[in-house]
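Note on naming: letters A, B, ... go to the chains in the order of the sequence lines (proteins, then strands), and numbering restarts at 1 for each one. None of the values given here were measured: they were computed from a predicted structure.
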Amino acid sequence: MSVLPRSFYARPTVQVAQDLLGCFLVHEINGKQLIGKIVETEAYCGSIDPASHAYKKTPRSAPMYGSVGHAYIYFIYGNHYCFNVVARSKNEIAGGVLVRAVEPIVGIEIMKKNRNFLPSARPECFAKAKCIKGISNGPGKLTQAFGISKDCNQIDLTKKEKLYIIKKERSEPIITTKRIGIKKATDKLWRFCIEKNEWASK
DNA sequence: CCGGTGATGCCCT
DNA sequence: GGGCATCACCGGT
């Protein structure tokens, strides 16, 4: 159960995005642990990547220029947050990895509550067991399930405190695709998923 | 929703 | 003109 060290994040953003697959995202909230296995990520390569917030340095994107291993969280579409980790090698100027989906491991009942996934609230959903997949299979869904919001922005993920990431237990085959929901740099194959994992988005 | 952007306006100099 | 504040609008990892 060791936390990923700073050196893990001080490597090329694309590499970190791949290596985060299988690692465990932990959020400790109200004395309870929420844990999910990272199954889908996307790399955003800062100043060379027109799809990245960090393509230009602005007050919002500044964290992606800051210390690697910290969280970068932003609010989007008026209703959800996205969770990124700052990662880049020495010769990159800015960069981050968007965590797009996790497989729930610990604290599933709390996640259901956070997502309003109670049988009483979603009878039609619970009719088909499949629907539970929707608990954390998207960037906005997983932050809601994990109770991650703006106040987690810039947290140091290498400190085992409130929000951190634990090393993976084993490597698994991954698949590489184009990134989702962007208009620029759509040719880059910077989305990564654990192969045959049913908790990824889409 | 809310940050980025470009437009507008005001005042200094 | 140029620096800065305000504002409306737009589009979103």
Worksheet item: Does atom CG of A:L189 have more than 12 heavy-atom neighbours, drawn from other residues, nucleotides or ligands, at distances under 6.0 Å?
Response: yes
Worksheet entry | Selection: residues 172-183 of chain A, any non-hydrogen atom under 4.0 Å of DNA chain C | A:I180, A:G181, A:I182, A:K183
Worksheet item: Just one of A:Q33, A:K162, A:K160 clears the side-chain hydrogen bond (donor to acceptor under 3.5 Å, both in side chains) bar with A:E28, so which one?
Response: A:Q33
Response to the item:
Closest non-hydrogen contact found for A:K141 with A:N137 is NZ-OD1, 3.0 Å
Worksheet item: If you measure from the Lys or Arg side-chain nitrogens to the Asp or Glu carboxylate oxygens, is any gap between A:E92 and A:R11 under 4.0 Å?
Response: no
Discussion item. Quick check on side chain to side chain contact (heavy atoms under 4.5 Å, CB included): which of A:I165, A:L34, A:L20 does A:L25 satisfy it with?
Written reply: A:I165
Worksheet item: Does NZ or CZ of A:R179 fall inside the cone over A:Y44's six-membered ring, less than 6.0 Å from its centre and within 45° of the axis?
Response: yes
Item to complete: Indicate the atoms forming the closest heavy-atom contact of A:G147 with A:N114, along with that distance.
Response: N-ND2, 4.0 Å
Worksheet item: Taking everything shown except A:Y74 itself, do over 12 heavy atoms lie less than 6.0 Å from its OH?
Response: yes
Item to complete: On DNA chain B, reading 5' to 3', which nucleotide is the first and which the last to sit with an atom under 4.0 Å from a heavy atom of chain A, could you check?
Response: B:dC1 to B:dT5
Worksheet item: Looking for any heavy atom pair under 4.0 Å, which part of the strands does A:Y72 touch: base, sugar-phosphate only, or nothing?
Response: base
